[in-house]
2 protein chains.
Amino acid sequence: MAVHAANAIDKRRSLLHETRCQNCSLSSLCLPLALELEDMEQFDAIIRRRAPLKKGESLFRQGSAFNSVYAVRSGSLKQVTTEGSGDDQVTNFYLPSELVGLDGIDEQAYPGSVIALETTTVCEIPFDRLDTLSEALPELRGQLYRSMSKELRDDRRMMRLLSRKTADQRLASFFSSLSDRFRRRGYSPYSFRLSMSRADIGNYLGLAVETVSRILGRFQQQGLVEVSGREVNILNLEALLAQAQEEP
Amino acid sequence: MAVHAANAIDKRRSLLHETRCQNCSLSSLCLPLALELEDMEQFDAIIRRRAPLKKGESLFRQGSAFNSVYAVRSGSLKQVTTEGSGDDQVTNFYLPSELVGLDGIDEQAYPGSVIALETTTVCEIPFDRLDTLSEALPELRGQLYRSMSKELRDDRRMMRLLSRKTADQRLASFFSSLSDRFRRRGYSPYSFRLSMSRADIGNYLGLAVETVSRILGRFQQQGLVEVSGREVNILNLEALLAQAQEEP
DNA sequence: ATGCCTCTATGATCACGATCAAGGAGGTGA
DNA sequence: TCACCTCCTTGATCGTGATCATAGAGGCAT
């Protein structure tokens with residue numbers, strides 16, 4: 001019994017420990033990136049832990065009231081916007097350290113649902129408290145501006161992809177980008193698992209599922225990648241990058 | 001002589017008058033929107049007037065150092081991103097009261113050139129001063145967050161347009177959106193002048209110039225709009241809106 | 001294991017819009 | 001005023017990727 005109790009306490013401690021920004025392995029990528037230890041504690045105090053989301057569960061639904069932004073701790077999510085009659089559009093994928101929900105500030109409602117692609121944990125950051133805190137912490141404010149600005153820049157890149165690139169280039173870009181994002185997070189840039197379906201990828205890239213399948217097959221034949229289900233092995237990243245940037 | 005001098009002084013005064021946020025006709029749309037008079041004066045103090053840009057002149061060039069954001073006072077501009085070898089992409093059009101340059105914060109450099117489509121005046125807002133001021137003025141800070149958030153939301157809408165809509169829907173959306181933006185600024189939503197070329201429109205919407213021309217012709221035949229060069233008369237806004245949102 | 005259902009792959013056909021081509025309109029500077 | 005150059009329009013053809021159709025593979029609960 002005593003042993004059990006001790007274990008329980010240990011567990012709680014370790015969970016608590018794990019769960020503070022100061023000890024988070026993502027702190028070098030995440031919002032508090034630029035903060036001093038003391039400031040980070042203040043920031044840490046406002047964030048709320050959430051129970052892990054299971055695959056398919058939604059962090060929030062399109063149209064629900066905006067209260068918080070969320071930092072992804074582990075797992076991944078997709079943002080889906082529904083317009084008119086059942087015509088969904090995947091507008092983003094989120095990986096650990098990325099900030100979800102910033103596009104809800106303006107109208108105080110989320111413009112799309114955000115759904116877990118696998119078991120996923122997030123930190124909830126109530127926006128009014130973040131805003132207040134950003135008053136006292138210029139570094140935090142700057143980081144927030146930068147996050148939004150980066151997202152704007154990424155959006156522009158996406159628009160370019162959607163309006164100028166061929167199907168092959170879109171997929172090459174997609175894999176290059178994923179590879180790069182994994183690399184930055186300390187994972188292998190060559191070998192990873194897709195948490196999203198072909199349908200999600202196609203929807204996101206403005207392509208039919210069949211096209212995604214076909215092109216993956218072709219990439220495989222060309223020796224660029226090795227794909228087995230959702231497992232991806234990038235065999236020739238340079239060629240993939242070249243393909244992604246090539247003129248049509 | 002005395003009359004001349006008086007006139008000159010009047011002119012200066014009126015220019016000065018014109019040029020303060022308190023008296024700007026755009027103040028209800030622009031960044032200082034939510035500010036009290038006193039706060040607005042503080043904000044007013046940091047903004048810099050710029051000589052008007054002539055058609056074709058650039059506000060800044062892609063890659064140049066980010067120092068300021070700009071609010072459009074009159075006229076219009078386009079944002080153009082060049083990638084690789086001479087392949088331009090128009091990523092945005094800016095109308096009066098809109099904020100230009102927010103996507104440069106992150107990397108401290110502008111990700112695209114911004115070019116005047118006609119004679120255009122802007123207010124320059126040095127970003128470091130804006131940031132500092134936003135510390136003291138929560139309303140200003142909120143407005144800035146909202147501006148960026150709105151741009152994010154607009155980007156998502158654009159992605160949807162580029163990846164799911166037909167050429168007809170894209171043009172219908174484009175005209176609807178322009179109409180709405182003019183309406184909000186107090187201009188006629190039915191009758192306006194395009195400041196951008198067909199090539200710019202096509203590039204922005206991911207369409208060939210020829211397609212733009214053809215579809216405008218068709219819209220005209222269908223009695224939706226009347227187009228003569230760059231003059232546009234919207235004859236049936238409802239139908240245009242319906243067309244824009246219709247499923248493919 | 002077994003069956004069900006979703007996800008993925010591959011083939012055949014079709015359509016939208018790009019591209020190529022050429023002529024006309026409109027604005028601008030000498 | 002004229003010539004030039006850019007912008008716009010219209011026509012003919014072609015290609016990429018969507019759509020339709022089918023079948024196989026893989027995950028999940030029972």
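Convention: sequence-line order gives letters A, B, ...; per-chain numbering from 1.
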Quiz item: In a check of side-chain contact (heavy atoms from CB on, under 4.5 Å) between B/Q79 and each of B/Y110, B/F93, B/Y94, which one passes?
Solution: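 Only one of B/Y110, B/F93, B/Y94 forms a side-chain contact (heavy atoms from CB on, under 4.5 Å) with B/Q79, namely B/Y94.
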Self-check item: side-chain contact (heavy atoms from CB on, under 4.5 Å) between B/E151 and B/L99, intermediate numbers included
Solution: CA-CA 9 Å; B/E151 209 167 333; B/L99 230 42; 5.6 Å; no
Quiz prompt | Pairs meeting criterion salt bridge (Lys or Arg N to Asp or Glu O under 4.0 Å) with involvement of residues 215-240 of chain A, two or more places apart | solution =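 Listed by first then second residue: A/D168-A/R218, A/R193-A/E231.
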Value in whole Å for how far the [atom2] atom of [N] lies from [atom1] of [X]:
{"X": "B/R164", "N": "D/dG17", "atom1": "CZ", "atom2": "P", "value": "15 Å"}
{"X": "B/R170", "N": "C/dG17", "atom1": "CZ", "atom2": "C1'", "value": "9 Å"}
{"X": "A/Q169", "N": "D/dG17", "atom1": "CD", "atom2": "C1'", "value": "14 Å"}
{"X": "B/L194", "N": "D/dC7", "atom1": "CG", "atom2": "P", "value": "15 Å"}
{"X": "A/L171", "N": "D/dG17", "atom1": "CG", "atom2": "P", "value": "10 Å"}

Quiz item: Any side-chain N or O of A/T211 less than 4.0 Å from the OP1 or OP2 oxygen of D/dA18?
Solution: yes
Self-check item: Partner set under side chain to side chain contact (heavy atoms under 4.5 Å, CB included) for B/D154, not counting sequence neighbours
Solution: B/K150, B/R157
Exercise. Applying side-chain contact (heavy atoms from CB on, under 4.5 Å), run through B/V100 and B/F60 and close with a yes or a no.
Key: CA-CA 10 Å; B/V100 182; B/F60 49 75; 4.0 Å; yes
Practice problem: Tell me which nucleotide among C/dG17, D/dA18, C/dT19 gets nearest to the side chain of B/D168. | Solution: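 Nearest listed nucleotide: C/dG17.
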Quiz item: Which of these nucleotides, D/dT9, C/dT8, C/dG17, is closest to any side-chain atom of B/V209?
Solution: D/dT9
Quiz item: Distance-only, no hydrogens or angles: does the A/R170 side chain make a donor-acceptor pair with backbone N or O of A/L162 under 3.5 Å?
Solution: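 Side chain of A/R170 to backbone of A/L162: a pair is present.
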Quiz item: Got a second to check how far A/L171's CG is from A/L224's CG, nearest 0.5 Å?
Solution: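 That separation rounds to 11.5 Å.
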Practice problem: Look up atom CG in B/L102 and atom CZ in B/F66, then write down how far apart they are to the nearest 0.5 Å. | Solution: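 Here the rounded value is 7.0 Å.
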Self-check item: Nucleic acid contacts - residues 198-206 of chain B versus DNA chain D, non-hydrogen atoms under 4.0 Å
Solution: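 Result for residues 198-206 of chain B: B/R198, B/A199, sorted by number.
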Quiz item: Among residues 215-232 of chain A, which residues get a heavy atom nearer than 4.0 Å to DNA chain D?
Solution: none
Quiz item: Which part of the nucleic acid, if any, lies within reach of B/S197 when heavy atoms closer than 4.0 Å are counted: base, sugar-phosphate only, or nothing?
Solution: sugar-phosphate
Quiz item: With a non-hydrogen cut-off below 4.0 angstrom, is A/A208 in contact with a base, only sugar-phosphate, or nothing?
Solution: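 Since a base atom lies under 4.0 Å of A/A208, the category is base.
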List, one per line, each side-chain donor-acceptor pair under 3.5 Å for residues 199-212 of chain B, sequence neighbours excluded.
unit_1 : atom_1 : unit_2 : atom_2 : d
B/D200 : OD1    : B/K78  : NZ     : 3.0
B/D200 : OD2    : B/S197 : OG     : 3.4
B/N203 : OD1    : A/R164 : NH1    : 3.4
B/N203 : OD1    : B/V90  : N      : 2.8
B/N203 : ND2    : B/D88  : O      : 3.3

Under-3.5 Å N/O pairs linking protein and nucleotides 20-28 of chain C:
unit_1 : atom_1 : unit_2 : atom_2 : d
C/dC20 : N4     : B/E210 : OE2    : 3.1

Quiz item: Could you go step by step and tell me if A/E98 and A/R181 meet the side-chain contact (heavy atoms from CB on, under 4.5 Å) rule?
Solution: CA-CA 10 Å; A/E98 292 173 341; A/R181 285 156 85 186; 3.0 Å; yes
Quiz item: Can B/S163 and A/Q89 be said to form a side-chain contact (heavy atoms from CB on, under 4.5 Å), step by step?
Solution: CA-CA 9 Å; B/S163 78; A/Q89 160 83 352; 3.0 Å; yes
